[in-house]
Amino acid sequence: MDADTTVTLTDPMDFKVEELLKEVHFARTPAITKLVDDTVSAIRKSISKIPDAFPVTADLAPGFVRDIGADKVEFKFNKPKTFKIGGSYSINCVVKPAVNVDLFVGLPKNEARKPVLVVYPAVKSVEAPGFFVRIIPTAASLFNIAKLNLKRNNVRAFNQVTCVLNYPEDGIPRATPKYNSSILEDMFLEDNAEYVEKTISRWKELGEALILLKVWARQRSSIYVHDCLNGYLISILLSYLVSLDKINNSMKALQILRVVLDFIATSKLWNRGLYFPPKGQIGVSKEEKLQYKEAFPVVICDPSAQVNLAFRMTSVGFCELQDEAASTLQCMDKCGDGGFEETFLTKIDFPAKYDYCVRLNLRGHTEVHALGFCLDDECWRLYEQKVHSLLNQGLVDRAKSIRVTWRNSPSEWNIENGLAVLDREPLLVGISVSSLEKLFRIVDIGPNAEKKEEALRFRKFWGEKAELRRFKDGTIAESTVWESEQWTRHLILKGIIEYVLLRHLSLSKENVVQIVDQLDFSLLHGAKDLVSFSASLLEAFEVLSKRLHLIEDIPLKISSVQPLDSDFPSFCCAIILEGSGNWPMDHVAIEKTKSAFLIKIGESLQNRWGMTCSATEDDADIFMSGYAFRLKILHERGLSLVKSENGNKAKRVYSTDKMLFIRGQHASMINGLQGRYPVFGPVVRFLRLLAEYDWTFSALVIDINNDFGPEDFKLINDNFVSSRKASEENVQNVNPALFLATAYDKASEAWTTCSPNFTELKRLVAYARSSANLLTKLILEDQTDSCRWECLFRTPLNNYDAVVLLHRQRLPYPRRLLFPSEVNRGRHVARVNASKAFGPFLVPEEMKGSSEEVKNKMMVDFDPLRCFVGDKEYSNKLKLWYDSLGGDAIGLTWERVGSKIGVESFVSVQNALVGVRIRRLATANGGSKLVGHLFVNSTAAGQGAFVNAFHPIPTVFKN
């Protein structure tokens with residue numbers, strides 16, 4: 001290496017931030033500069049062509065004039081005094097994809113209430129797709145600042161209702177602080193923009209930090225909204241922190257971002273308001289500060305000390321902002337790579353953030369603007385506050401947070417149509433629940449009967465739902481009761497929300513759409529949810545566990561019985577015996593000893609309690625209360641066995657004990673997680689994780705209980721890097737493709753070593769992405785077609801080269817089949833009749849024999865689909881995609897990329913499948929046949945479905 005060569009070691013987080021800035025920053029290239037200059041010049045020329053004193057009448061915007069209640073409109077157009085480019089473009093901080101330029105137009109005398117004209121250039125730019133200019137009027141020095149005092153009223157009434165609101169009974173006009181602030185904002189807009197420009201231009205890192213903060217905020221729809229944060233406020237806040245010397249030129253952009261987030265989340269200055277250091281002797285008096293705090297929940301006074309730039313921000317919006325800032329900082333400290341993915345690349349919108357989402361369709365609902373449009377606060381914002389207040393009162397402590405937003409100002413809105421049309425977008429409500437106990441509570445206790453006024457308010461709010469009850473402690477109090485079955489407790493919140501909104505908002509049931517139970521149909525077993533069966537299942541498991549502990553005629557007593565499946569907690573159980581030093585050392589001998597124990601355990605259960613048992617060398621099946629429990633013995637000596645493969649190459653292989661241990665740990669982890677987070681929220685969170693995570697270059701660390709320390713993370717990273725180095729030459733051979741590290745499995749050997757492989761993961765990610773997009777759309781937008789929700793569980797069969805349809809009556813889980821598969825295209829090339837040798841159910845006449853005869857008909861853990869797809873003879877030709885939990889179709893794709901495939905090829909393969917695999921099944925199970933039809937698709941191979949998960953033991957019966 002040469003002496004003058006310099007090597008710079010870059011922190012991985014800094015490198016990612018640098019690449020992100022390159023990606024999102026809208027650079028001012030010569031072509032872009034010319035585009036902006038030409039567009040602004042064209043705008044100036046167009047405006048200059050409007051004659052001076054041009055009459056402005058109601059005919060230009062009849063809908064707008066009608067809605068504000070003006071009886072006459074007589075204006076004359078006066079040309080602007082100035083044109084000036086401002087906003088993010090002026091400080092070179094425009095963030096893609098919102099590519100726009102703010103053009104400040106100085107008004108001569110006209111008053112305006114926030115009109116913004118959006119202008120798109122006639123010539124589209126390749127470098128700046130979607131580029132537009134926002135013409136923002138400014139009104140410097142046009143009005144008397146004293147008349148815009150926060151206590152003054154500057155909104156005149158045009159109807160009786162508005163008059164009552166603006167002029168109470170005492171006759172004193174009600175103050176209009178928000179309207180006054182909007183005019184002051186116009187007056188000082190150019191001055192504040194100039195202040196920001198001078199501040200941000202002081203050093204490069206400030207501009208970069210501003211870009212990062214915009215990216216962070218835009219990913220979070222609950223804060224980047226009208227009543228919370230925007231790019232302008234971010235730049236003001238950044239300038240404020242610079243003025244306090246909390247940010248200096250030695251900081252990197254990421255450090256500045258952390259300072260801003262920490263200030264938002266923890267600073268006590270918010271309590272009194274934020275005020276720039278005074279210039280000279282000019283400052284904000286204590287009386288003025290008190291007025292600001294009385295008028296607004298959040299105060300960010302501009303450098304001139306004349307206007308609160310946060311006058312639109314609500315207390316609820318600010319709480320959301322603080323919560324998001326605190327969560328981001330925590331994520332940056334605890335997540336891998338400094339939380340880069342979670343901070344900047346993860347979208348946190350309503351469907352992902354909240355446990356419950358509600359959509360109110362208010363189109364044509366005149367109650368929204370019944371108070372008129374000429375109020376200090378917009379009628380839509382007042383309606384948001386009303387909905388929030390009602391839900392806050394109705395849900396009490398069931399909700400940790402409630403967010404109500406109505407994005408009802410589309411950019412394509414035409415002022416000619418008036419204001420009443422701004423109700424076409426739905427109002428959205430997001431609710432985060434507090435705890436399982438509070439969420440599923442059936443009775444809400446109100447005020448004591450002796451508190452007359454509180455009881456009266458309670459009854460007025462709840463109406464016929466309120467009832468006076470005596471409780472166990474003797475208390476007599478008002479209450480509401482929400483009767484519910486155990487498996488429908490998650491719908492209690494839905495019932496409360498529906499009742500409150502319909503009672504107080506005069507809405508129809510169809511206009512209140514709650515995203516709660518649309519996917520419940522996929523969980524039903526027959527007509528009931530699986531949870532409804534859990535009581536009898538758990539009771540049977542408890543009885544079995546007690547009886548196992550009472551067995552005394554075996555050499556070692558049973559010390560514990562542990563369920564192995566988290567979804568069905570008692571179908572497969574691990575038995576742990578008391579310790580002993582007499583166990584053999586050989587693996588085979590250990591398994592034989594366990595077999596002897598299982599046989600003896602089965603005999604003891606049968607002899608002492610008359611239980612039906614079936615024991616083999618591997619496990620013992622116990623039949624009781626309509627369930628089949630599979631018992632296995634877990635012995636600690638088998639946890640660390642190493643098996644030699646291929647001569648001198650040693651490879652760690654999971655023994656039976658190791659796998660049982662992992663399954664037990666997994667079940668405990670999931671059950672513990674369910675206790676901490678009873679409502680997992682939208683499925684969209686999981687789907688987005690699956691679709692957006694960088695599986696190729698990142699390990700997913702699952703640390704539910706925060707058990708990992710630096711050494712654990714280092715070990716996981718070393719294991720991950722080692723797994724990737726082994727396949728550097730061919731990424732498609734990477735193993736595991738899905739690296740999942742847990743406290744009990746830091747090398748991702750338990751679940752993903754065999755599957756999914758690279759191809760399967762790619763297909764899985766594609767389906768997760770499309771499903772997440774569909775689910776997001778269903779939550780946020782009005783969908784009249786109820787079948788749209790079902791699409792999440794329907795795999796398009798035309799994405800496969802061929803499809804094998806199975807005989808549904810021979811599946812082990814026929815009740816789990818949500819939607820019978822149908823093939824409407826392709827060529828039908830083969831058919832095999834269903835066998836009568838076995839079935840999923842026993843008919844009544846087959847149960848008339850002895851218990852031993854019935855037991856002999858049961859084939860526990862026999863899954864014909866698993867046997868059918870398990871053959872590897874044709875794995876180099878075909879890829880099989882199937883649903884192991886209840887699907888009735890197998891998708892086939894041609895394994896070799898670019899190969900030509902014809903009908904004859906699939907016919908030969910089908911003959912082999914039917915001939916070889918079914919003959920194998922027939923030998924073992926008396927002529928069973930599962931395959932029904934084979935269809936060959938004329939289209940190329942597309943996306944498929946892959947499902948691999950634990951499931952209860954299938955029980956199939958011989959016929």
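Only heavy atoms go into these numbers, but all of them, side chains included; no hydrogens, no water, no symmetry mates.
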Subject >> N-O pairing of Glu324 and Lys353 below 4.0 Å >> reply: yes
**OP:** Examine distances only and state if a side-chain atom of Tyr356 and a backbone atom of Val429 form a donor-acceptor pair shorter than 3.5 Å.
**Re:** no
**OP:** Using the test side-chain hydrogen bond (donor to acceptor under 3.5 Å, both in side chains), find all partners of Thr480 that sit at least two apart in sequence or belong to another chain.
**Re:** Trp482
**OP:** Verify whether one side chain among Ser221 and Asp349 offers a donor that lies under 3.5 Å from an acceptor in the other.
**Re:** no
**OP:** Could you grab the distance from atom CD1 of Ile264 to atom CG of Leu237, nearest 0.5 Å is fine?
**Re:** 5.5 Å
Subject >> Derivation and outcome, side-chain hydrogen bond (donor to acceptor under 3.5 Å, both in side chains), residues Arg312 and Ser182 >> reply: CA-CA 9 Å; Arg312 296 182 184 86; Ser182 70; over 6 Å; no
**OP:** Provide the full list of side chain to side chain donor-acceptor pair (under 3.5 Å) pairs with a residue in residues 382-391, sequence neighbours left out, each pair given once.
**Re:** His226-Glu384, Glu367-Lys386, Asp377-Gln385, Arg381-Glu384
**OP:** Taking salt bridge (charged side-chain N to carboxylate O under 4.0 Å, His left out) as the test, write out the residues that go with Asp302, two or more places apart.
**Re:** none
Subject >> Main-chain N/O of Leu360 paired with Asn511 side-chain donor or acceptor, under 3.5 Å >> reply: no
**OP:** Give a yes or no answer on whether the side chain of Arg685 reaches the backbone of Ala352 with a donor-acceptor pair at less than 3.5 Å.
**Re:** yes
**OP:** Carefully, step by step, assess Ser88 and Tyr232 under the rule side-chain contact (heavy atoms from CB on, under 4.5 Å).
**Re:** CA-CA 8 Å; Ser88 298; Tyr232 178 59; over 6 Å; no
Subject >> Spacing of Ile431 atom CD1 and Leu439 atom CG [to the nearest 0.5 Å] >> reply: 10.0 Å
Original post:
Any side-chain heavy-atom pair from Ser401 and Tyr354 closer than 4.5 angstrom?
Top reply: yes
Original post:
Under the salt bridge (charged side-chain N to carboxylate O under 4.0 Å, His left out) test, which residues partner Glu294, sequence neighbours left out?
Top reply: none
Original post:
Passes side-chain contact (heavy atoms from CB on, under 4.5 Å), Leu427 versus Thr405? Steps please.
Top reply: CA-CA 6 Å; Leu427 180 147; Thr405 62; over 6 Å; no
Original post:
Are Arg220 and Ile223 side-chain neighbours, meaning at least one heavy-atom pair lies under 4.5 Å?
Top reply: yes
Original post:
Thr176 side chain to Asn154 main-chain N or O, any donor-acceptor pair under 3.5 Å?
Top reply: yes
**OP:** Run the salt-bridge test on Asp423 and Arg363 with the 4.0 Å N-O cut-off and return the result as yes or no.
**Re:** no
Original post:
Do Leu391 and Leu501 touch side chain to side chain, with heavy atoms closer than 4.5 Å?
Top reply: yes
**OP:** Evaluate the criterion side-chain contact (heavy atoms from CB on, under 4.5 Å) for residue pair Asn100 and Val94; output intermediate values, then yes/no.
**Re:** CA-CA 8 Å; Asn100 61 78; Val94 176; 6.0 Å; no
Original post:
If every non-hydrogen atom of Leu519 is compared with every non-hydrogen atom of Leu792, which pair is closest and at what distance?
Top reply: CD2-CD1, 3.8 Å
**OP:** Only pairs at least two apart or in different chains count here, so list each salt bridge (Lys or Arg N to Asp or Glu O under 4.0 Å) that has a residue in residues 477-489.
**Re:** Arg459-Glu478
Subject >> Shortest non-hydrogen contact from Pro682 toward Pro351 >> reply: CG-O, 2.5 Å
**OP:** Tell me, yes or no, whether the heavy-atom count around Lys400 atom NZ, taken from other residues, nucleotides or ligands under 6.0 Å, exceeds 12.
**Re:** no
Original post:
Side chains of His490 and Asp520: is there a donor and an acceptor less than 3.5 Å apart?
Top reply: yes
**OP:** Give a yes or no on whether Glu464 atom CD has more than 12 heavy-atom contacts from other residues, nucleotides or ligands under 6.0 Å away.
**Re:** yes
**OP:** Check the surroundings of atom CZ in Phe686: do more than 12 heavy atoms from other residues, nucleotides or ligands lie under 6.0 Å from it?
**Re:** no
Original post:
How about Val105 and Thr138: do any of their side-chain heavy atoms sit closer than 4.5 Å?
Top reply: no
**OP:** First locate atom CD of Glu510, then atom CG of Asn361, and finally report the distance between them rounded to the nearest 0.5 Å.
**Re:** 10.5 Å
Original post:
Do Arg794 and Glu790 meet the salt-bridge criterion of a basic N to acidic O distance under 4.0 Å?
Top reply: yes
**OP:** Find the distance between CG (Asp323) and OG (Ser432) and round it off to the nearest 0.5 Å.
**Re:** 8.0 Å
Original post:
Lys465: what forms a side-chain hydrogen bond (donor to acceptor under 3.5 Å, both in side chains) with it, not counting sequence neighbours?
Top reply: none
Original post:
Side chains of Phe350 and Ile779: does their closest heavy-atom pair fall under 4.5 Å?
Top reply: no
Subject >> Near-ring test Phe521/Trp789, centroid separation under 6.0 angstrom >> reply: no
Original post:
Atom CZ in Arg403, atom SG in Cys228: separation rounded to 0.5 Å?
Top reply: 6.0 Å
**OP:** Please tell me if the side chains of Arg398 and Ile496 come closer than 4.5 Å, counting only heavy atoms from C-beta onward.
**Re:** yes
Original post:
Would Lys178 and Asp376 satisfy salt bridge (Lys or Arg N to Asp or Glu O under 4.0 Å), going step by step from the backbone distance to the final call?
Top reply: CA-CA 6 Å; Lys178 290 188 176 181; Asp376 181 50; over 6 Å; no
**OP:** Evaluate side-chain contact (heavy atoms from CB on, under 4.5 Å) for Val481 paired with Arg469, printing each intermediate quantity in order.
**Re:** CA-CA 10 Å; Val481 181; Arg469 294 170 65 96; 3.5 Å; yes
Original post:
Do Lys460 and Phe458 have side-chain heavy atoms sitting under 4.5 Å apart?
Top reply: no
Original post:
Can you tell me how far CG of Asn180 sits from CZ of Phe311, rounded to the nearest 0.5 angstrom?
Top reply: 10.0 Å
**OP:** Of all the heavy-atom pairs spanning Ile515 and Arg359, show the shortest one and how long it is.
**Re:** CD1-NH1, 4.2 Å
**OP:** Quick one: do Ser770 and Asn773 satisfy side-chain hydrogen bond (donor to acceptor under 3.5 Å, both in side chains)? Show the steps, please.
**Re:** CA-CA 5 Å; Ser770 62; Asn773 293 339; over 6 Å; no
Subject >> Arg134 backbone acceptor or donor facing Asp102 side chain under 3.5 Å >> reply: no
Original post:
Do Arg441 and Ile492 have side-chain heavy atoms sitting under 4.5 Å apart?
Top reply: no
